[in-house]
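In each ligand, atom 1 is the first atom listed, and ligand 1 is the first ligand listed.
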Amino acid sequence: MRDYTADNITEAVVKEYASKTSDPRMQRIITSLITHMHAFVKDVELTEAEWFAGIQFLTDTGKMCDDKRQEFILLSDTLGVSMLVDALSHPKTGLGTESTVLGPFYVEDAPEQKNGSSIIRRDLSARPTLMRGKVTNAEGAPIAGARVDVWQTSANGLYDIQDKDAPEWNLRGRFTTEEDGSYALISETPVSYSIPTDGPVGRMLDATGRHGMRPAHVHFMLSADGYRPLTTHIFVKGDAYLDSDAVFATKDSLVADFKECEDATLAERYGLTTPFTLLEYDFGLMPAAHS
Ligand code: BEZ
Ligand code: FE
């Protein structure tokens with residue numbers, strides 16, 4: 001058949017692709033992709049000019065990507081797709097710590113540090129925060145030797161890799177839990193910050209009247225032998241953007257009190273002066289799925 005019309009082209013395209021692939025997963029994905037894309041074009045009655053603007057937008061998104069900037073991840077995040085994939089992969093069970101997006105600013109192989117040490121490598125005179133707690137299994141038993149990877153923005157709202165004046169590995173570090181499952185580190189008190197808005201994603205947010213702010217948070221990535229890896233954040237209770245996160249990544253169970261602490265004994269133990277900020281948060285890991 002050659003006479004394709006708005007009424008018959010979808011079926012023809014689906015049939016052509018589905019009949020050429022023998023991989024059932026590929027068949028399911030390509031069929032659904034074509035069906036939904038065609039339905040979208042029909043639904044909004046897409047004009048040629050709008051179609052071209054869309055192509056230009058995706059082209060600009062690709063051109064914005066390099067080893068430090070991933071505009072496609074940012075696009076997925078701001079459209080809520082990253083959190084949808086996360087929700088499908090890690091459904092809420094009420095057991096273990098909830099996950100949330102990785103984000104585009106994780107860097108592998110951060111320095112390995114001793115518990116209680118600081119990841120502040122440039123002092124922007126924000127009040128230090130002692131972050132400490134335990135990593136346990138679903139029954140609350142401690143997990144020794146778990147890896148705890150931490151990263152966050154500085155008081156200027158930038159990650160070290162976005163900030164040419166920041167020393168390498170500023171506000172990044174890797175810790176290993178002690179025999180009792182405990183971890184402890186010193187960092188800055190996180191602030192709310194804007195995702196990068198100088199590219200196509202920023203134009204999309206502007207065009208739709210959305211802001212690019214994320215509520216203050218610290219990123220954690222945890223892993224231990226025999227457990228499912230966990231990628232998550234801890235958000236600062238009371239932040240103004242908790243209900244309007246630009247990337248839809250907040251979860252109530254991940255919001256914690258970063259409280260002012262006057263405990264002189266604790267301060268002395270970690271080389272701090274009072275008052276400092278204290279975050280106490282325990283993480284629960286789930287057993288790895290059996291294959
Ligand atoms: C972040 O928290 O680092 C982040 C997550 C998603 C998009 C942009 C930034
Ligand atoms: Fe972040």
Side-chain angles (χ1 to χ4, degrees), residues 60-62 64-90 97-108 110 119-121 124 126 129 131 148-163 166 169-174 185 187-206 208 210-222 229-256 258 279 281 283:
D60 293 346
T61 301
M64 201 80 196
C65 296
D66 59 27
D67 59 338
K68 294 233 162 71
R69 177 80 177 253
Q70 231 306 348
E71 195 75 358
F72 273 113
I73 292 187
L74 209 56
L75 181 59
S76 162
D77 293 344
T78 46
L79 288 172
V81 176
S82 307
M83 276 312 284
L84 177 57
V85 173
D86 175 79
L88 291 173
S89 301
H90 308 278
T97 303
E98 289 192 277
S99 57
T100 191
V101 288
L102 172 68
F105 297 114
Y106 174 64
V107 182
E108 278 179 25
I119 58 173
I120 305 173
R121 302 180 212 285
L124 286 189
T129 301
M131 303 181 184
V148 180
D149 222 321
V150 187
W151 68 105
Q152 68 167 83
T153 51
S154 183
N156 62 8
L158 296 174
Y159 286 91
D160 55 352
I161 55 173
Q162 296 175 287
D163 181 352
W169 304 115
N170 191 42
L171 302 182
R172 295 178 190 275
R174 275 197 292 169
L185 64 114
S187 187
E188 287 182 8
T189 303
V191 296
S192 35
Y193 68 88
S194 175
I195 61 168
T197 53
D198 56 340
V201 169
R203 295 206 310 268
M204 178 183 79
L205 294 177
D206 268 354
T208 52
R210 293 192 68 219
H211 67 69
M213 294 300 290
R214 296 220 57 212
H217 60 272
V218 190
H219 293 257
F220 282 90
M221 189 189 277
L222 289 95
L230 171 70
T231 300
T232 195
H233 308 356
I234 304 303
F235 294 94
V236 178
K237 188 171 144 189
D239 190 282
Y241 296 102
L242 280 172
D243 290 326
S244 64
D245 183 0
V247 302
F248 308 95
T250 50
K251 290 182 178 174
D252 286 343
S253 68
L254 301 177
V255 178
F258 285 63
L279 164 69
Y281 198 93
F283 294 94

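In this model, no donor atom of one side chain and acceptor atom of the other lie less than 3.5 Å apart for T250 and D245.
Rounding to the nearest 0.5 Å gives a distance of 11.5 Å between OH of Y106 and CD1 of I161. Expressed to the nearest 0.5 Å, how far OH of Y159 lies from OG of S154 amounts to 11.0 Å.
Listed by chain and number, the residues in a ring-ring contact (aromatic ring centres under 6.0 Å, His included) with F220 are F283 (sequence neighbours excluded). Contacts of D239 classified as side-chain hydrogen bond (donor to acceptor under 3.5 Å, both in side chains), with partners at least two apart in sequence or in another chain: none.
Near-neighbour remark for the Fe ion (ligand 2): protein N, O or S atoms under 2.8 Å are Y159 OH, Y193 OH, H217 NE2, H219 NE2; waters not counted.
Panel note: side chain Q70, backbone F72; a donor-acceptor pair is recorded below 3.5 Å.
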When you check ligand 1 against the protein, what N or O pairs turn up below 3.5 Å? List the atom names and distances, or just say none.
{"residue": "ligand 1", "atom": "2 (O)", "partner": "Y193", "partner atom": "OH", "Å": "2.7"}
{"residue": "ligand 1", "atom": "2 (O)", "partner": "R214", "partner atom": "NH1", "Å": "2.5"}
{"residue": "ligand 1", "atom": "2 (O)", "partner": "H217", "partner atom": "NE2", "Å": "3.0"}
{"residue": "ligand 1", "atom": "2 (O)", "partner": "H219", "partner atom": "NE2", "Å": "3.0"}
{"residue": "ligand 1", "atom": "3 (O)", "partner": "Y159", "partner atom": "OH", "Å": "3.1"}
{"residue": "ligand 1", "atom": "3 (O)", "partner": "Y193", "partner atom": "OH", "Å": "3.0"}
{"residue": "ligand 1", "atom": "3 (O)", "partner": "H219", "partner atom": "NE2", "Å": "3.2"}

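Contact check for K251 versus S99: side-chain heavy atoms found under the 4.5 Å cut-off.
When ring centroids are compared, H217 and Y193 come within the 6.0 Å threshold. Ring centroids of F105 and H219 are separated by 6.0 Å or more, keeping the two rings apart.
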